[in-house]
Amino acid sequence: MINFPNAKINIGLNITERRPDGYHNLETIFYPVQIKDALEVIETPELSFESSGLDIPGRMEDNLCIKGYHLIKKILMCHR
């Protein structure tokens, strides 16, 4: 599956609080731009993650794509 999510510029960002689930509540203003990111998902026996362009700092386990993968996997395993 290939998807092209809209890119945006974050003009303002205020983190209002950290939630118990580890995420943050935000106040923000986004400005859409006329370019898109490319996101490709390929079914494989093992999880792998690759990105191009600017380096993404931090641990792979904290990446939202990886967290989303684990959440979807958990939901699918519960429905088997």
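Here the structure is a predicted model, which means the values were calculated and not measured.
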(message) The criterion is side chain to side chain donor-acceptor pair (under 3.5 Å); which residues satisfy it with E40, sequence neighbours excluded?
(response) none

(request) Any chance you could measure K73, atom NZ, to M77, atom CE, to the nearest 0.5 Å? (result) 6.5 Å

(message) To the closest 0.5 Å, what do you measure between OG (S48) and CD1 (I42)?
(response) 8.0 Å

(request) Please name the pair of heavy atoms, one in G12 and one in T28, separated by the smallest distance, quoted to 0.1 Å. (result) O-OG1, 2.7 Å

(message) Ring of F4, cation from K36 - is the NZ or CZ under 6.0 Å from the centre and inside 45° of the axis?
(response) no

(request) Kindly give the heavy-atom pair with the smallest separation between H70 and L47, and that separation in Å. (result) NE2-CD2, 4.0 Å

(request) Answer with yes or no whether the hydrophobic clustering places L76 together with Y69; edges join I, L, V, M, F, W, Y residues whose side-chain heavy atoms lie under 4.5 Å apart. (result) no

(request) Determine whether I2 and L39 fall in the same hydrophobic cluster, where Ile, Leu, Val, Met, Phe, Trp and Tyr are linked whenever their side-chain heavy atoms lie under 4.5 Å apart. (result) no

(request) With rounding to the nearest 0.5 Å, note down the distance linking CZ in R19 to CG in N25. (result) 5.0 Å

(request) Could you grab the distance from atom CD1 of I56 to atom CG of D62, nearest 0.5 Å is fine? (result) 12.0 Å

(message) To the closest 0.5 Å, what do you measure between OH (Y23) and CD1 (I15)?
(response) 14.0 Å

(request) With rounding to the nearest 0.5 Å, note down the distance linking CG in N63 to CZ in F49. (result) 4.0 Å

(request) Verify the cluster assignment for F30 and L26: are they in a single hydrophobic cluster under the rule of side-chain heavy atoms below 4.5 Å apart? (result) no

